[in-house]
Amino acid sequence: MMYSSSGPTGRNGLSKAIAVFGGSFNPFHNGHLEVVKCLAKNFRKVWLMPCNQHPFEKDLAPANDRFRMCVLGTRRILMTEVRRFEMER
């Protein structure tokens, strides 16, 4: 699920807003990477937020493993951050 705020744009034409991309990322895959690349072209920052538990009780890999997959998968996209906010809820 993605949320964003369409605020004013900066000098480079990018929105000053931050895109939040949440999900289970179980596992992080090329489809996720393509979404992140698209968001990175249009937003100042992209935050990935792996969930702690699946909303429908699906079995998931440990949250820290999924977090690390997101970090490794996005390491070359400078404006991307992986956040633990949902994992700590």
Side-chain angles (χ1 to χ4, degrees):
M1 184 166 292
M2 292 174 282
Y3 298 95
S4 66
S5 170
S6 56
T9 57
R11 282 187 234 183
N12 59 3
L14 295 179
S15 171
K16 292 183 180 182
I18 297 171
V20 178
F21 183 18
S24 60
F25 303 109
N26 190 52
F28 186 84
H29 54 71
N30 286 336
H32 295 125
L33 185 59
E34 289 304 313
V35 170
V36 170
K37 286 178 182 178
C38 182
L39 292 170
K41 290 177 184 176
N42 295 291
F43 291 91
R44 180 175 57 92
K45 284 203 177 281
V46 179
W47 290 355
L48 277 79
M49 289 195 194
C51 65
N52 188 39
Q53 295 179 345
H54 195 278
F56 305 117
E57 307 296 324
K58 246 175 86 172
D59 288 334
L60 299 175
N64 284 326
D65 292 350
R66 293 181 288 111
F67 178 89
R68 188 74 185 134
M69 282 189 274
C70 290
V71 169
L72 290 171
T74 60
R75 69 188 176 277
R76 293 192 175 122
I77 305 172
L78 299 178
M79 64 278 300
T80 302
E81 296 178 26
V82 184
R83 299 294 191 112
R84 294 184 182 272
F85 179 79
E86 286 294 322
M87 291 171 49
E88 295 171 351
R89 291 182 62 189

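When reading the values below, keep in mind they use all heavy atoms of this one structure, side chains included, and skip hydrogens, waters and symmetry mates.
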Would you mind reporting whether [Y] and [X] have side-chain heavy atoms less than 4.5 Å apart?
X   : Y   : answer
R44 : I18 : yes
E86 : N52 : no
V36 : I77 : yes
V20 : M49 : yes
K45 : F43 : no
T74 : V82 : yes

From [atom1] ([X]) to [atom2] ([Y]), nearest 0.5 Å:
X   : Y   : atom1 : atom2 : value
K37 : N42 : NZ    : CG    : 14.5 Å
R83 : L48 : CZ    : CG    : 11.0 Å
H29 : M69 : NE2   : CE    : 10.5 Å

S24 backbone acceptor or donor facing R66 side chain under 3.5 Å: yes

Any donor-acceptor pair under 3.5 Å from R68 side chain to D65 backbone: no

Candidate pair L33 and F28, rule side chain to side chain contact (heavy atoms under 4.5 Å, CB included), full reasoning: CA-CA 8 Å; L33 185 59; F28 186 84; 4.1 Å; yes

Where P50 and C70 come nearest, the two heavy atoms and their spacing: CG-SG, 4.1 Å

Aromatic plane relationship, F21 with F25 - under 30° parallel, 30 to 60° tilted, over 60° perpendicular: perpendicular

All side chain to side chain donor-acceptor pair (under 3.5 Å) counterparts of N64, not counting sequence neighbours: R84

